[in-house]
Protein chains: 2
Amino acid sequence: MKGSKTRQAANKSREEEVNTEEKIKNAAREVFHKNGFAATRTRDIAAAAGINLALLNYYFRSKQKLFDIIMLETLQGFARSLLDVFNEETTSFEKKIEIFADRHIEMMRQHPGVPMFILSELRSSPESLIQKMGVVDLILKTEFARQLRQGIKDGRFAPVEPLHVLMNLMGMTAFPFVARPLLKQMGRLSDNQYDQLMVERKKLIPRWLNAALKAK
Amino acid sequence: MKGSKTRQAANKSREEEVNTEEKIKNAAREVFHKNGFAATRTRDIAAAAGINLALLNYYFRSKQKLFDIIMLETLQGFARSLLDVFNEETTSFEKKIEIFADRHIEMMRQHPGVPMFILSELRSSPESLIQKMGVVDLILKTEFARQLRQGIKDGRFAPVEPLHVLMNLMGMTAFPFVARPLLKQMGRLSDNQYDQLMVERKKLIPRWLNAALKAK
DNA sequence: GTCTATATACGGATAGAC
DNA sequence: GTCTATCCGTATATAGAC
């Protein structure tokens, strides 16, 4: 049904706002990321896209189908780039943490709503959705995890469940974005000041994590 | 309008399910915590409370008003118990971290949906709501924060913005509950196994955090 | 106080003109 | 492809009997 449309997506990087389908997707991404599925009205998306409500259904058939597309793209775009870091064969364990913190935080600085979006939607979604993007399962099979286990065996790190390390790493990087309204208020910071802290954390987190791995 | 009802709340700990108003609030708390405001239908609450839909409006006037009550109570109950730890005059900085991690994690084990509930609702709420429960502002004025600054001044800790420490502490404790579906899948764990990790973290987080504070 | 029945509003989706 | 007008299900809220 949609395969009949002309495929001019190849050179879309040239134009400003491409075709209508892209306009709707861009608007949907923005609104969904900000408010989540349940709190989003298709009318808001249409308005943000500068088109009529009917067009949304013409292109995507339903709110749910449009959402599924946005969710899948968001999830994969997010996971993919992080897994790449963990799978890199030639970098050291410590270097992977540095690159991860830097890339992960930078990604979230560019798209501050994404972490909350992913986590809040995952809360109510069935496990099947998580498995659907099989990427997730593989994390403890990456070179990163192997290097961690090796480091423990060598006595360079204290014995610890790898998932704990992942929780610490992701917690330290992602939590400040998820809890931004709360933490910003706690520190009485402006948007700029808060963002500055995020930049600092790129360098600090690897240092902290490293120290923790050697603790006791 | 509601002040006319008899006040038998004093000895409510004795009964199983108290009066209707409490039954509705308990049901509302459960459903709101699980699904958030937008995804919750008043019918679900009524059903969970075992009463008719009309009664909900009779007691609380509107979905929004009922939600506001639940939100405020949840927020305060959560913040209060944590602030108490931070304000304690006689415990050391290190001891405060131990108590905080233990209490905070235990609280979330009992109410796993609460962290996600608070954060996801705060994302869309205006800042005024956060300020309304003024508790939040005070965190960097607690004895905990003072002791941290003093420790830095004495050279026991590396210089660091106190808010960073708060982000690390809360990130390490709360993130595993917020990102539970994702992390559980990553580790291929059962509910029990995951819970076991949470218990371990009570002891581990203070150790890690302490090491991080001395790093470099 | 608690129910059944119903009004009212809102949001997703479609019909049909252009 | 894009619009206006409208339908229709669902959810909140109220009326009114008991």
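Residue numbers begin at 1 in each chain, while the letters A, B, ... track the order of the sequences. Just so it is clear, the model here is predicted, and its values are computed rather than measured.
If you take CG of L55(A) and P of dG12(C), they are 16 Å apart, rounded to a whole angstrom. As rounded to whole Å, 12 Å separates atom P of dT2(C) from atom CZ of F60(B). Taking atom CD1 of I51(A) as the reference point, atom C1' of dG1(D) lies 11 Å away to the nearest angstrom. dG1(C) atom P lies 15 Å from atom CG of L56(B), rounded to whole Å. Across the protein-nucleic acid pair, N52(B) atom CG and dA17(D) atom P stand 17 Å apart, rounded to whole Å. Protein atom CZ of F67(A) is 13 Å distant from nucleotide atom P of dG12(C), rounded to whole Å. In this structure, K63(A) places its NZ atom 10 Å from P of dG11(C), rounding to the nearest Å.
Distances were taken from every side-chain heavy atom of A54(B) (C-beta onward) to each of dT14(C), dC3(D), dT14(D); the shortest belongs to dT14(D). Ranking dA13(C), dG1(D), dC3(D) by closeness to the Y59(A) side chain, first place goes to dG1(D). With distances taken from any side-chain atom of R41(A) to the nucleotides dC3(D), dT2(D), dG12(C), the minimum falls on dG12(C). Listed nucleotides: dC3(C), dT2(D), dA13(D). Nearest to the side chain of N57(B): dA13(D). Candidate nucleotides dC3(D), dT4(C), dT2(C) were compared by shortest atom distance to the side chain of Y58(B), and dT2(C) ranks first.
E143(A) and R146(A) are joined by a salt bridge, as a carboxylate oxygen and a charged side-chain nitrogen come within less than 4.0 angstrom of each other. Between K25(A) and E73(A) there is a salt bridge, with a side-chain nitrogen of the basic residue lying less than 4.0 Å from a carboxylate oxygen of the acidic one.
Using a 4.0 Å heavy-atom cutoff across all strands shown, L53(B) reaches at least one base atom of the nucleic acid.
Counting only N and O atoms by type, the side chains of E106(A) and Q110(A) include a donor and acceptor under 3.5 Å apart.
Heavy atoms of other residues, nucleotides or ligands lying less than 6.0 angstrom from NZ of K202(B) number more than 12.
For T42(B) and dA13(D), the shortest distance from a side-chain N or O to OP1 or OP2 is not below 4.0 Å. Side-chain nitrogen and oxygen atoms of R61(A) include at least one within less than 4.0 Å of the OP1 or OP2 phosphate oxygen of dT14(C).
Judged by atom type and distance alone, R43(A) reaches the base of dG12(C) through a side-chain donor-acceptor pair under 3.5 Å.
Residue pairs meeting the salt bridge (Lys or Arg N to Asp or Glu O under 4.0 Å) criterion with at least one partner in residues 169-184 of chain A, sequence neighbours excluded, are R180(A)-D191(A), K184(A)-D191(A), K184(A)-E127(B).
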